[in-house]
Protein chains: 2
Amino acid sequence: MTQLQRRKIPDAAIARLPVYLQILNNLAATNVLRFSSDELAALAGVNAAKVRKDLSYLGSYGTRGVGYEVTYLTHQIKRELGLMREWNVVVVGAGNLGCALAKFDGFLSRGFPVIAIVDNDPKKIGRTTSSLTVGDVKDLKSIVRDEKISIGVITTSSAASQAAADALVEAGITSILNFAPVVLSAPSSVSVRSVDLGVELQILSYFEQMRLETGSKSEIAPQLNTAGAR
Amino acid sequence: MTQLQRRKIPDAAIARLPVYLQILNNLAATNVLRFSSDELAALAGVNAAKVRKDLSYLGSYGTRGVGYEVTYLTHQIKRELGLMREWNVVVVGAGNLGCALAKFDGFLSRGFPVIAIVDNDPKKIGRTTSSLTVGDVKDLKSIVRDEKISIGVITTSSAASQAAADALVEAGITSILNFAPVVLSAPSSVSVRSVDLGVELQILSYFEQMRLETGSKSEIAPQLNTAGAR
DNA sequence: AGGGCTTAGTGCATTAATTCACAAAGTCAA
DNA sequence: TTGACTTTGTGAATTAATGCACTAAGCCCT
């Protein structure tokens with residue numbers, strides 16, 4: 001009815017679509033043309049009904065009795081996730097992690113080229129790391145404009161992370177991936193996603209501890225990650 | 001009734017406890033002694049009832065009319081998460097990301113010292129990165145035993161990640177943090193948590209795309225991450 | 001042409017997570 | 001000691017996510 005209305009896809013499903021996409025890429029690389037929801041479910045480690053339901057949010061792109069076509073579904077997932085184009089990335093914070101991410105192959109290969117890296121430390125500005133020269137965070141606004149950058153990645157210290165976020169917002173960025181262990185505040189029009197590597201280990205620690213306490217007879221719950229951004 | 005039975009804490013709550021802990025550390029650093037669920041909720045960006053319910057899984061550690069004590073609650077959360085001790089970490093894969101994580105301050109500072117880093121590439125074995133010498137993945141078993149390592153972090157290429165996981169399991173590791181964009185298979189007695197940095201950007205891309213299509217009038221859903229391990 | 005087989009799509013029951021809203025339990029001031 | 005005020009802890013309602021089980025559709029073989 002309502003024209004142009006995008007299907008509202010549940011957050012939990014959105015978080016799984018990239019996983020399916022990754023698996024489809026692998027299937028394509030091994031010349032698989034078709035697959036069933038059962039097969040994809042096994043590869044993704046989830047329930048087959050969930051796979052079918054997730055894919056059904058995209059539309060009705062399978063064939064009953066046959067399955068889904070790898071290339072066609074790949075296309076549909078990429079369209080839904082906005083991956084028909086590249087999104088340029090700027091890294092804020094040229095420390096260990098920032099420089100590693102600037103070089104990180106997994107960003108470029110999935111359509112997120114790191115175009116620029118900036119810092120506020122005069123000692124770091126001007127250094128070169130893998131074909132990128134560290135810029136001044138003060139120039140963020142012009143860099144973002146000139147290089148058509150959409151996404152900012154924060155790899156500063158905790159202390160500097162909110163200032164980095166403010167600078168990104170000020171520069172017109174609307175999507176932020178934050179690695180600092182801080183709950184950032186930003187306008188609600190900006191998507192913020194935080195990955196705290198320490199938290200990941202702490203969650204593992206919880207299960208490790210539990211194993212010790214219970215004598216490892218307890219089951220380990222499946223990993224579930226929900227999409228969403230603040 | 002059942003003695004020694006650990007309260008079953010929902011996965012979603014476990015994933016939030018480290019966030020609360022981080023905030024409590026900040027409060028302690030600024031000499032705050034007490035806080036209310038409302039205050040913590042504001043700092044964590046969640047609902048106050050959720051904070052209270054999450055904390056209630058630990059026990060009844062607040063005081064009605066007053067709030068919670070920073071140091072006492074910090075202690076309780078750490079106890080629950082198994083953070084009263086350190087957990088030694090080995091990094092498998094001495095590429096950009098692996099080396100950066102080996103140096104990464106956020107691991108050590110939260111009680112997860114990286115004790116060793118290994119690779120299978122003879123060209124990398126023997127190199128030194130921030131006081132650690134890259135070891136041979138073949139020696140993983142003895143390294144894990146001798147250094148009392150509990151957690152393995154996989155930063156290899158996708159192609160090598162399953163072999164790395166197998167090697168870790170073979171070496172007796174029961175908790176794995178995987179950065180390769182692959183769904184690893186491992187015995188159910190082993191906790192596996194995957195962080196795919198590309199996926200994080202793809203999720204942001206989805207919202208970015210949505211903003212473009214809808215003219216940015218749509219609300220952005222809050223980030224939700226659920227704990228668990230496979 | 002028809003019947004058996006396979007698999008997508010989905011309504012519905014179940015389970016998990018969130019949020020509301022209020023009683024219980026404390027503080028503090030007079 | 002009482003009464004006003006604050007804030008926890010938690011039943012109960014709500015919302016979201018999951019998974020079952022069945023229907024609808026298409027393929028393939030005879």
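Chain identifiers are assigned alphabetically (A, B, ...) following the order of the sequence lines, protein sequences preceding nucleic acid strands; residue numbering begins at 1 within each chain.
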Residues which pass side-chain contact (heavy atoms from CB on, under 4.5 Å) with Thr174(A), listed by chain and number, not counting sequence neighbours: Glu208(B), Arg211(B)
side-chain contact (heavy atoms from CB on, under 4.5 Å) partners of Leu43(A), counting only residues at least two apart: Ile23(A), Leu27(A)
Could you state the atom-to-atom distance from [atom1] of [X] to [atom2] of [N] in whole Å?
{"X": "Ile9(A)", "N": "dA17(D)", "atom1": "CD1", "atom2": "P", "answer": "12 Å"}
{"X": "Asp54(B)", "N": "dG9(D)", "atom1": "CG", "atom2": "C1'", "answer": "13 Å"}
{"X": "Asp11(A)", "N": "dA17(C)", "atom1": "CG", "atom2": "P", "answer": "15 Å"}
{"X": "Leu55(A)", "N": "dT18(D)", "atom1": "CG", "atom2": "P", "answer": "14 Å"}
{"X": "Lys8(B)", "N": "dT15(C)", "atom1": "NZ", "atom2": "C1'", "answer": "13 Å"}
{"X": "Lys50(B)", "N": "dC20(C)", "atom1": "NZ", "atom2": "C1'", "answer": "13 Å"}

Residue-level proximity of residues 26-42 of chain B to DNA chain D when a heavy atom falls under 4.0 Å: Ser36(B), Ser37(B)
[X] side chain vs [Y] backbone, donor-acceptor pair below 3.5 Å:
{"X": "Ser205(B)", "Y": "Gly82(A)", "result": "yes"}
{"X": "Gln209(A)", "Y": "Leu83(B)", "result": "no"}
{"X": "Thr156(A)", "Y": "Gly93(A)", "result": "no"}

Side-chain heavy atoms of Ile173(B) within contact of Ile149(B), under 4.5 Å: yes
Any Ile77(A) side-chain heavy atom under 4.5 Å of Tyr61(A) side chain: no
Test applied, side chain to side chain contact (heavy atoms under 4.5 Å, CB included); reference residue, Leu24(A); option that passes from Phe35(A), Tyr72(A), Tyr68(A):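 With Leu24(A) as partner, side chain to side chain contact (heavy atoms under 4.5 Å, CB included) holds for just one option, Phe35(A).
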Candidate list Leu168(B), Val89(B), Val92(B), Val195(B), test side chain to side chain contact (heavy atoms under 4.5 Å, CB included), partner Val153(B), passing option: Val89(B)
Any protein N or O atoms within reach of nucleotides 10-14 of chain C? Criterion: under 3.5 Å, listing atom names and distances.
{"from": "dG11(C)", "atom 1": "O6", "to": "Lys53(A)", "atom 2": "NZ", "distance (Å)": "3.2"}
{"from": "dC12(C)", "atom 1": "N4", "to": "Lys53(A)", "atom 2": "NZ", "distance (Å)": "3.3"}

Within 6.0 Å of NZ in Lys78(B), more than 12 heavy atoms from elsewhere: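 Open.
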Pairing annotation in dot-bracket form, given for DNA chain D with Watson-Crick or G-U pairs under 3.5 Å and | for cross-strand partners: ||||||||||||||||||||||||||||||
Residues forming a salt bridge (charged side-chain N to carboxylate O under 4.0 Å, His left out) with Glu39(B), sequence neighbours excluded: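 Per chain and number, Glu39(B) pairs via salt bridge (charged side-chain N to carboxylate O under 4.0 Å, His left out) with no residue.
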Short side-chain N/O contact from Tyr68(B) to OP1 or OP2 of dG9(D), under 4.0 Å: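 Yes, such a contact exists.
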Shortest side-chain distance from Asn47(B), nucleotide among dA17(C), dC20(C), dT18(D):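 So the nucleotide nearest the side chain must be dC20(C).
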Which residue lies more 5' along DNA chain C, comparing Ala12(B) with Gly65(A) via nearest heavy atoms: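 In this pair, the answer is Gly65(A).
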